[in-house]
**Student:** 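Let me give you the structure first, and then I'll get to my questions.
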There are 2 protein chains.
Amino acid sequence: MVTVNTGGTIMPKFLSASPPYHHGDLRRALIDSALALVTEEQDWTFSLREVARRAGVSHNAPYNHFPEKRDLLDAVAAVGFERLREGLLATIAGIDDMAAALAMSGEAYVLLGIGNPALYRLMFGPALSVSGGGAQPMLARAAGAEARAVLQGIIRRGAGAGTFAVAAEDERAIALATLSAWSAVHGLTMLIIDGVAGPGFAVEEMIERVIGIEVAGLRSFSARIRRPIRAWRRKGDLR
Amino acid sequence: MVTVNTGGTIMPKFLSASPPYHHGDLRRALIDSALALVTEEQDWTFSLREVARRAGVSHNAPYNHFPEKRDLLDAVAAVGFERLREGLLATIAGIDDMAAALAMSGEAYVLLGIGNPALYRLMFGPALSVSGGGAQPMLARAAGAEARAVLQGIIRRGAGAGTFAVAAEDERAIALATLSAWSAVHGLTMLIIDGVAGPGFAVEEMIERVIGIEVAGLRSFSARIRRPIRAWRRKGDLR
DNA sequence: CCGCCGGTGTTGACAGTGACCATATAGTGG
DNA sequence: CCACTATATGGTCACTGTCAACACCGGCGG
């Protein structure tokens with residue numbers, strides 16, 4: 001469990017990555033300020049100096065806690081993933097039918113995402129994450145894995161109960177089914193945020209239909225229907 | 001059909017948005033340079049001055065063709081969508097089974113996307129596109145709609161042939177089914193680009209499974225299986 | 001044929017930025 | 001009590017996006 005902890009209260013020193021000296025807890029103050037800026041301006045092109053200004057410190061103070069601006073954004077993204085995870089967990093609490101849980105959590109996922117578009121965008125790729133040469137967004141990566149685990153848990157339980165056409169003991173199959181569900185909700189969220197989904201459809205309508213098709217696919221998907229793309233291919237390989 | 005036209009040859013003057021005067025065709029040269037920079041650096045934080053340098057003009061020349069840097073990026077994104085559209089069309093040419101066409105085009109979509117991650121990212125949201133206050137990325141938006149139309153055509157034909165469980169005469173249902181397919185491939189592409197899909201899975205494996213589930217969902221989805229999220233909901237609304 | 005004119009490219013300038021350096025300060029361990 | 005080190009500060013640099021004023025040049029009306 002990754003703890004970025006942007007909550008309001010002061011934590012015990014031994015839990016804080018960098019104990020408060022002069023400012024109190026500048027690291028958290030910076031994350032809070034940056035998060036507020038992302039939310040207000042719906043953008044993360046604000047300057048690091050602006051963040052410092054908001055936190056009431058000099059323009060160079062942030063560099064004591066974050067080597068680069070990228071690292072601060074990474075921490076903000078991690079907070080976003082933690083909130084997402086908590087939202088998902090709260091939504092599925094007490095639901096036993098895993099198809100229902102998947103549908104509900106999927107809806108919550110999309111609603112949480114479009115509730116703060118810039119933050120959601122920031123969570124995925126403060127830069128070209130994967131092969132970005134230098135430092136990677138480790139915090140966001142870890143927090144994202146935690147959020148993903150919620151979805152994976154639903155799929156796993158649903159596989160065990162026979163709700164989804166996935167072999168319960170095959171962890172790879174479960175991971176792939178999770179990827180499928182995540183792709184659906186992530187893609188839908190992004191398309192809505194980008195304003196290319198619809199227009200002319202209510203958000204609820206789009207969510208319901210996309211998730212409905214996804215659940216139907218997970219239920220019916222099996223060796224019976226599954227036909228590799230390979231079998232459909234007629235000409236040579238692409239490219 | 002939107003024509004951004006970054007092809008190499010010189011076009012007749014009456015087709016060019018801004019006929020060549022001093023430079024030849026600076027507008028296209030700028031787009032080409034920017035596209036090359038996006039591809040090389042896998043990032044679009046390069047400076048407008050760098051683009052101008054590459055095109056061999058002064059640092060302010062670009063402003064005669066693009067009011068802001070954002071507008072140049074918009075044009076680059078539009079080129080990306082045109083390439084995507086052409087790739088999809090080439091892939092499905094001659095395929096009659098619309099399930100196969102959807103699977104093949106979906107595979108091509110993802111491969112094209114991850115083939116140039118930064119460009120794909122740029123295509124969706126040079127900034128927070130929709131409510132970004134000022135000017136919108138009109139070129140990319142239009143070109144994106146053209147690419148989307150390819151997918152929609154597949155769904156429509158498949159609905160007509162009874163391949164997909166969608167009423168062929170219901171354009172809204174077709175649009176929503178298209179949204180579902182688009183969400184799946186878009187989401188998968190983004191997750192792979194971000195490096196959060198997998199790891200431990202081959203790209204082909206992920207594509208095959210995600211698209212397989214999507215196709216299965218589109219085939220089986222119907223009033224029989226479709227159960228509104230509303231019906232699953234027990235507690236009050238989210239949030 | 002000429003001179004004007006507007007689209008095109010250039011030079012110069014400005015405020016603001018990310019990142020580095022040396023320096024000051026304030027808790028902490030010895 | 002004192003050094004030590006993490007923390008914060010001010011100064012600086014190259015660079016950026018954008019604006020304004022100026023130079024170029026090809027097509028147009030006369």
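Below, each value reflects all heavy atoms present in this structure, side chains not excepted, and no hydrogens, waters or symmetry copies. All values reported here derive from a predicted model rather than from experimental measurement. So you know, we letter chains A, B, ... as the sequences are listed, proteins then strands, and number each from 1.
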**Student:** Would you please name every residue forming a salt bridge (charged side-chain N to carboxylate O under 4.0 Å, His left out) with A:R53, sequence neighbours left out?
**Tutor:**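 Here the qualifying residues are A:E50.
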**Student:** Please confirm whether B:K69 makes a cation-pi placement over B:F46, using NZ or CZ under 6.0 Å from the six-membered ring centre and within 45° of the ring normal.
**Tutor:**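 Yes, a cation-pi geometry holds between B:K69 and B:F46.
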**Student:** Roughly, in whole Å, what's the span from CG in A:L26 to P in C:dA26?
**Tutor:**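 The distance from CG of A:L26 to P of C:dA26 comes to 16 Å, rounded to the nearest Å.
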**Student:** Rounded to the Å, how far apart are B:D25 CG and C:dT8 P?
**Tutor:**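 The distance from CG of B:D25 to P of C:dT8 comes to 10 Å, rounded to the nearest Å.
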**Student:** Taking side-chain contact (heavy atoms from CB on, under 4.5 Å) as the test, write out the residues that go with A:A36, two or more places apart.
**Tutor:**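 If we apply the side-chain contact (heavy atoms from CB on, under 4.5 Å) test to A:A36, skipping adjacent residues, the hits are A:E40, A:R54.
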**Student:** Nearest whole Å is fine: how far is C:dG9 C1' from B:L30 CG?
**Tutor:**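 Atom CG in B:L30 sits about 11 Å away from atom C1' in C:dG9.
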**Student:** Excluding sequence neighbours, so at least two apart, what forms side-chain contact (heavy atoms from CB on, under 4.5 Å) with A:S180?
**Tutor:**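 A:S180 satisfies side-chain contact (heavy atoms from CB on, under 4.5 Å) with A:E214, B:V210, B:I213 only.
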**Student:** Could you give all pairs that pass the salt bridge (Lys or Arg N to Asp or Glu O under 4.0 Å) test and reach residues 172-181 of chain B, with sequence neighbours left out?
**Tutor:**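 Salt bridge (Lys or Arg N to Asp or Glu O under 4.0 Å) check on residues 172-181 of chain B returns A:E205-B:R172.
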**Student:** Mind checking what makes ring-ring contact (aromatic ring centres under 6.0 Å, His included) contact with B:Y120, not counting sequence neighbours?
**Tutor:**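 Partners of B:Y120 by the ring-ring contact (aromatic ring centres under 6.0 Å, His included) criterion, ordered by chain and then number, come out as B:Y109, B:F124, B:H186.
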**Student:** For the helix from C:dC1-D:dG30 to C:dG30-D:dC1, what angle lies between the axis at the first five pairs and the axis at the last five pairs, to 10 degrees?
**Tutor:**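 Roughly 0°, once rounded to the nearest ten degrees.
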**Student:** What string of B, S and - do you get for nucleotides 13-21 of chain D, 5' to 3', if B is base contact, S is sugar-phosphate-only contact and - is no contact with any protein heavy atom under 4.0 Å?
**Tutor:** ---SBBBB-
**Student:** Output all residues satisfying side-chain contact (heavy atoms from CB on, under 4.5 Å) with B:E171, sequence neighbours left out; order by chain, then residue number.
**Tutor:**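 For B:E171, the residues satisfying side-chain contact (heavy atoms from CB on, under 4.5 Å) (neighbours in sequence not counted) are B:Q152, B:R156, B:I174.
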**Student:** State which residues pass side-chain contact (heavy atoms from CB on, under 4.5 Å) with B:A197; sequence neighbours excluded, sorted by chain then number.
**Tutor:**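 For B:A197 the side-chain contact (heavy atoms from CB on, under 4.5 Å) partners, ignoring immediate neighbours, are A:L179, B:L191, B:I192, B:M206.
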